[in-house]
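Mind having a look at this structure? Questions to follow.
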2 protein chains.
Amino acid sequence: MTTPLRILLVDDHTLFRSGLKALLQRQADLEVIGEAADGLEGVKQATQLQPDIVLLDLDMPVMNGRDALAQMLVGQPGLAVLMLTVSEDGEDLAECMKTGARGYLLKNINADFLLDSIRRAVDGDSVLSPEMTAKLVARLRAPVAAPRHSELDSLTPRERETLSHLARGISNKEIARALDLAESTVKVHVQNILRKLGISSRVQAAVYAVEHGLDKP
Amino acid sequence: MTTPLRILLVDDHTLFRSGLKALLQRQADLEVIGEAADGLEGVKQATQLQPDIVLLDLDMPVMNGRDALAQMLVGQPGLAVLMLTVSEDGEDLAECMKTGARGYLLKNINADFLLDSIRRAVDGDSVLSPEMTAKLVARLRAPVAAPRHSELDSLTPRERETLSHLARGISNKEIARALDLAESTVKVHVQNILRKLGISSRVQAAVYAVEHGLDKP
DNA sequence: GGGGCAATCCGCCAAAAGGAGGAGGCGCCC
DNA sequence: GGGCGCCTCCTCCTTTTGGCGGATTGCCCC
């Protein structure tokens, strides 16, 4: 038999780590070689111990799991990292998987599923909690379905409308015609948009609009 | 106990259907209520029989599985459809899931996984063959796999470079500084870009650049 | 009933962009 | 060698933006 899989646990709940460790140690082919209680410590341990796989919580003090994940991967690009979290947020999921997590598991999974996932992840497979698959598919359907709260919120309805037209590349005069306004009013709106978005040209405003899906509303 | 789940099988391989049917009928909570050997027949059966779930092959004569899936869903938007195919193509996967398939399973899965998937799919979960999860994640990472041949090709290298800077929202003068050119030269490039792309303002050029991934090359 | 905010307009000004023309140099290909 | 495309730069001109200032109206909320 080959050497056991060397596992690093990163989670700020001591009891959870203890239980998990006991569970994993019962498997002949698994070995917990280290533990960390926050993201920063986790990154350090990952570098020193060179584990085969990391089980990583999201919500932690000092450094959260997302940042820790990114840090670990710059140091060890091929490292298998399984997110193990309570967050069912599709945003968290997408971020972690984009960053390069090998999997995203909810803490409500049963032991067999976890053990299976660990082995599969080390083999290179991507694994997801069943509940999260649908969320990933949803992202596929609307890749830029960014309902994030942004500076966009600070724009008034009229400003958003103006920006939307601006993004089509038309002049203030034409926007004025489209919105049935004086050109001077449009210029005021554009000024406010630039100020609120912290930018300095209508071109940047247009790019912003496109990137936030405001170009074809 | 509740009534069994009513299943429709759609696959052009008779033997495969027979075997699958035998397998499913062994389960007390499952019942195969219909079979079809091509997509068109499958859509017809789905309409008539109103099954709880459809197992649908991709590669079929007369009408392929993708089109059949779309057809079924216009008629019965909430219908659970599990793709059951040999295609490991990420494109097929993405298309089907975007269209609204409840899952995408490879035919190499074992019986337990299939049975479990059927029950989960009917419950509203999305299910994927383990191998396909990674492909879905890959799509998340690069939503626009840039298969473009476009007017972009008609731009000269210098024009593309200019456009790339333009898309950052900076002035001609600044572009000139960045490219170590006279502002007048930049203006010529911009003119050529507008003409070649068939547009009339730098804002439209910037939007075009962003939409074609030329903003951060 | 006053304060805040969105929305609408004005004017003025400097800077930037758009549009037209011409012109020289360079490399490539027939 | 001549033609062609690309890159470079120029002038002259009009239009558009960006960036001030200020003003009025209407609405909501406390």
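All chains are named by letter (A, B, ...) in the order of the sequence lines, taking the proteins before the strands, and each is independently numbered beginning at 1.
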Exercise for the section: Find the distance B:L197:CG to C:dG18:C1' and express it as a whole number of Å. Expected result: 16 Å
Handout entry: Euclidean distance, atom CG of residue B:L155 to atom C1' of D:dC7 [Å, nearest integer]
Key =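 Distance, rounded to whole Å: 15 Å.
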Handout entry: Interatomic distance, A:Q204 CD vs C:dA16 C1' [rounded to whole Å]
Key =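 Distance check: A:Q204 CD to C:dA16 C1' gives 14 Å.
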Problem - Within 6.0 angstrom of A:N108 CG, more than 12 heavy atoms from elsewhere - result: yes
Exercise for the section: To the nearest Å, give me how far apart CG (A:L194) and P (D:dG19) are. Expected result: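 A:L194 atom CG is separated from D:dG19 atom P by 6 Å.
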Problem - Atom CG of A:N110: over 12 foreign heavy atoms under 6.0 Å - result: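 Result for CG/A:N110: enclosed.
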Exercise for the section: Could you state the atom-to-atom distance from CZ of A:R202 to P of C:dA17 in whole Å? Expected result: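 From A:R202 CZ to C:dA17 P: 12 Å.
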Problem - Pair B:E131 + A:R120: basic N to acidic O under 4.0 Å - result: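 A salt bridge is absent here (no side-chain N lies under 4.0 Å from a carboxylate O).
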Problem - Shortest non-hydrogen contact from A:E91 toward A:D89 - result: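 Looking at all heavy atoms of both residues, the shortest contact is N-OD1, 2.9 Å.
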Problem - Steps toward side-chain contact (heavy atoms from CB on, under 4.5 Å) verdict (A:L9, A:V32) - result: CA-CA 7 Å; A:L9 301 183; A:V32 176; 4.0 Å; yes
Handout entry: Sequence-distant partners of B:D92, salt bridge (charged side-chain N to carboxylate O under 4.0 Å, His left out), two or more places apart
Key =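 For B:D92 the salt bridge (charged side-chain N to carboxylate O under 4.0 Å, His left out) partners, ignoring immediate neighbours, are B:R66.
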Identify the pairs formed between an N or O of the protein and an N or O of nucleotides 24-30 of chain D at a distance under 3.5 Å, and give each distance.
none

Exercise for the section: Would you indicate, yes or no, if C:dA16 has its OP1 or OP2 atom less than 4.0 angstrom from a side-chain nitrogen or oxygen of B:N172? Expected result: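 False: B:N172 side-chain N/O out of range (4.0 Å or more) of C:dA16 OP1/OP2.
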Practice task
Report the end-to-end axis angle of the helix from C:dG1-D:dC30 to C:dC30-D:dG1; each axis comes from five terminal pairs, and the value is rounded to 10°.
Solution key: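 Taking five pairs per end, the axes differ by 40°.
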Handout entry: Residues, nucleotides or ligands: over 12 heavy atoms within 6.0 Å of A:N192 CG
Key = yes
Problem - Criterion side-chain contact (heavy atoms from CB on, under 4.5 Å) on B:L58 and B:N64, from CA distance to verdict - result: CA-CA 6 Å; B:L58 259 188; B:N64 68 43; 5.6 Å; no
Exercise for the section: For B:R158, enumerate each residue passing the salt bridge (charged side-chain N to carboxylate O under 4.0 Å, His left out) test, keeping only those at least two apart in sequence or located in another chain. Expected result: B:E161
Practice task
Determine, for nucleotides 4-15 of chain C in 5'-to-3' order, which nucleotides have protein heavy atoms under 4.0 Å from the base (write B), from only the sugar-phosphate (write S), or from neither (write -).
Solution key: --SSBBB-----
Practice task
Identify, with sequence neighbours excluded, every residue that meets salt bridge (charged side-chain N to carboxylate O under 4.0 Å, His left out) alongside A:K107.
Solution key: A:D11, A:D57
Handout entry: B:L166 CG - D:dT17 P separation (whole Å)
Key = 14 Å
Handout entry: Nucleotide C:dA17, atom C1' - distance to CD1 of B:I199 in whole Å
Key =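 Result: 14 Å.
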Exercise for the section: Could you tell me the separation between the CD1 atom of A:I175 and the C1' atom of D:dT16, rounded to a whole number of Å? Expected result: 12 Å
Exercise for the section: Output the distance between atom CD (A:E88) and atom OG (A:S129), rounded to the nearest 0.5 Å. Expected result: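 These two atoms lie 8.5 Å from each other.
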